[in-house]
Enquirer: 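Following this message is one structure expressed as structure tokens.
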Amino acid sequence: MPDTTAERAALIDGAPAPGVKKTDPIVVADGVQRTFGGVHAVDVDHVEIPRGAITALIGPNGAGKTTFFNLLTGFDKPNHGSWSFDGKPIGGVPAYKVARRGMIRTFQLTKALSMLSVMENMRLGAQEQPGENIARALVPALWRRREQQITERAQDLLARFKLDAKADDFAASLSGGQRKLLEMARALMSDPKMIMLDEPMAGVNPALTQSLLHHILDLKSSGMTVLFVEHDMHVVREIADWVIVMAEGRIVAEGFPDEVMSDQAVIDAYLGSHHDTDLGDLTEEQQAELLDETQAEVEREEDRTDG
Amino acid sequence: MDFSFLLLALGQIISPQTIAYALAALGLAVQFGFTGLLNFGQAGFMAIGGYAFAITTLRLGFPFWLAVLSTLVATTVMALILGIPTLRLRADYLAIVTIAAAEIIRYVVKTPDLIPITGGSDGLNGAAVTFDALNPIPPGSYGFGPLRYDENDLWIILVGWVFVIVVALLVRQLMRSPWGRVIKGIREDEDAVRSLGKNVFSYKMQSLILGGALGGLAAIINIIPTSLQPDNYGTQTTFFLLTIILLGGATTVFGPLVGAIVFWIVLSLADGFLSLAVQYHWLPITTIQQGPVRFIIVGVALMLIVIFRPSGLIGKKREAFFA
């Protein structure tokens, strides 16, 4: 890819570190904290998401990535903290208003509206349809023209995502991967400034992954900001300009993909310290050590359930 | 053997009671079938609407249109009171609150202290006076055989059916519009709809108000040819309405109409055949047991429908409610 290094270097204003300033941030969050019982699910001091770039949010399961997503998009309320989108504070703003301001999200478990047709799913993503008002809905003359525009845009997007043949089918009839595509296409109906994808590649077959990657890169080239949660490191390495690593609710590292992924702390947090040793290659001593560790863990677990 | 009940059952097709249930069921279909709101208190909306109409007519001397307006106001207020605290929560909360509210209303209006206003357990008679005053049909007896209607019966049947058809067409228009799209989206997954920038709470509230208002108007049609009886608006009525929409098709506009007609015909036929069976000792039951037994028949019929025709009589197979 041409010249990404320079382009990427221009994103930040300082040395890569958790909470580093960005030259042109679209999202700035400060002191965002969310606790469930006694657990700090999210505890982010400061983070900025660069505009017009693809940022990956990675971290082990339970790191608080999805919770952080929910907080930013208004689907959950934090205990403390403030954050802004595009220069305006959006803390405490309800989810639908966040979406109207141009920050659209997708969900980890795909939410295709199964008993609506694919086309209706798409149309629902559009904004400023006067027919969504109950009184005007009764007079088709007031909304038919807008409906026409919406439908044309939906057809374009469906063609781009190769779903046009399915337009009249119920969304329930789509495969898991196609639903991911539909959800992404639907999110684009409103021309958002920023799109937040929660595990866009989960459960998608490898052939489709490639086309999804291209779609995400396309979004960036059309000027959109992308933030996505992903577990597949190849995907992250391939498309992300910037990587934010979360563990136990905190942001533990930030940086360019290649550097972050060779950071020992990140590797340990994310993959565990034995991730790169093949069990067959271990010396007997190491095997015994590992076995002891595992057994100790199992015993602890049993103690807890017995107690 | 007296088979005149067959013709009486036929009369159920156009009876005001059928109209009222069709309209109330249509309201419930808007809430439950299209929006996914579990309103288990449609009978409460009917009661509130019926009492608003009857009390303003009889106690305050309101003209017909003003009394209808007060019904709409009353059901809207009830929808707001029930919806504001519950529509932000999971669906079950609305179900609990509505079923309780409907019972509270029924007990409150029956309170002896309120007899000067609500008529207590006896209900209210004569609320039809303003409606009958508008009747242009000349006095007389219309119909054939055992199906005889006087001019006032005919008047409410005509107005009622025209009104139900007009409302059904309006609801159909709504459901085919972008508004209906949002509503159906909410039924499928409200978080997804929220993430697309729609004010889900407001749409659910609109749906609750619309459905409740149809319930209130249905009660007016129900009380005009007879009287307002508080016990006609117990939980049983709500479950009749749910039966009707599942029978006709919960996600259709004309399903509730078809469902209401079929429901009352079946109930009436079951009643007729059972009386014969009891009279000629074909069945080992008494006249007293006959009433409950016909509901057993209806219950079994409902189970068969949900099992073998989950989308209702006129629903599309793919939009089945119990898929």
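Chain naming here is simple, since letters A, B, ... match the order of the sequence lines and numbering starts at 1 in each.
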Enquirer: For B:Lys184 and A:Leu113: C-alpha separation, side-chain torsions, deciding distance, then whether side-chain contact (heavy atoms from CB on, under 4.5 Å) applies.
Expert: CA-CA 9 Å; B:Lys184 288 184 243 173; A:Leu113 306 167; over 6 Å; no
Enquirer: Mind checking the CD-NZ spacing from B:Glu188 to A:Lys111? Nearest 0.5 Å is all I need.
Expert: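 One gets 12.0 Å once the value is rounded to the nearest 0.5 Å.
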Enquirer: Is A:Ala126 close to chain B through its backbone or its side chain, or both, or neither, when contacts mean heavy atoms under 4.5 Å?
Expert: backbone
Enquirer: Below 4.5 Å from any heavy atom of chain B, which atoms of A:Gln129 appear? Answer side chain, backbone, both or neither.
Expert: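 For A:Gln129, side-chain heavy atoms alone lie under 4.5 Å from chain B.
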Enquirer: Which residues in residues 95-109 of chain A have any heavy atom lying under 4.5 Å from a heavy atom of chain B?
Expert: A:Ala95, A:Tyr96, A:Ala99, A:Arg100, A:Ile104, A:Arg105, A:Phe107
Enquirer: Got A:Arg123 and B:Pro178 here, is their nearest side-chain heavy-atom distance under 4.5 Å?
Expert: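 A:Arg123 vs B:Pro178: side chains apart.
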Enquirer: Mind ranking A:Leu116, A:Leu138, A:Asn121, A:Ile150 by heavy-atom pairs under 4.5 Å with chain B and telling me who comes out on top?
Expert: A:Leu138
Enquirer: Can you pull out the residues in residues 76-85 of chain B with any heavy atom less than 4.5 Å from chain A?
Expert: none
Enquirer: Please flag which part of B:Tyr203 lies under 4.5 Å from any non-hydrogen atom of chain A: side chain, backbone, both or neither.
Expert: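 Only the side chain of B:Tyr203 comes within 4.5 Å of chain A.
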Enquirer: Checking heavy atoms, do the side chain of A:Ser190, its backbone, both or neither come under 4.5 Å from chain B?
Expert: neither
Enquirer: Can you tell me if B:Phe201 has over 12 outside heavy atoms packed within less than 6.0 Å of its CZ?
Expert: yes
Enquirer: Kindly say whether B:Leu196 contributes a backbone atom to a donor-acceptor pair with the side chain of A:Gln127 at under 3.5 angstrom?
Expert: yes
Enquirer: What is the minimum heavy-atom distance between B:Arg176 and A:Trp143, and which atoms define it?
Expert: O-CH2, 4.2 Å
Enquirer: Tell me whether the count of non-hydrogen atoms from other residues, nucleotides or ligands lying under 6.0 Å of CD in A:Gln149 goes above 12.
Expert: yes
Enquirer: Can you tell me which portion of A:Glu183 sits under 4.5 Å from chain B's heavy atoms? Options are side chain, backbone, both or neither.
Expert: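 Neither part; nothing is under 4.5 Å.
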Enquirer: To the nearest 0.5 Å, how far apart are OG in B:Ser202 and CD in A:Glu132?
Expert: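 So the OG of B:Ser202 and the CD of A:Glu132 are separated by 11.0 Å.
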Enquirer: Given heavy-atom pairs under 4.5 angstrom as the criterion, report whether the side chain, backbone, both or neither of A:Arg144 touches chain B.
Expert: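 For A:Arg144, neither part sits under 4.5 Å from chain B.
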Enquirer: I need the minimum non-hydrogen distance between A:Ala137 and B:Gln173, along with the two atoms involved.
Expert: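 Smallest heavy-atom distance, with atoms named: O-NE2, 3.5 Å.
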Enquirer: Would you say B:Ser177 and A:Glu147 make side-chain contact, with heavy atoms under 4.5 Å?
Expert: no
Enquirer: Output the option from B:Val182, B:Asn199, B:Leu210 having the highest count of non-hydrogen pairs under 4.5 Å with chain A.
Expert: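 The candidate making the most pairs under 4.5 Å is B:Asn199.
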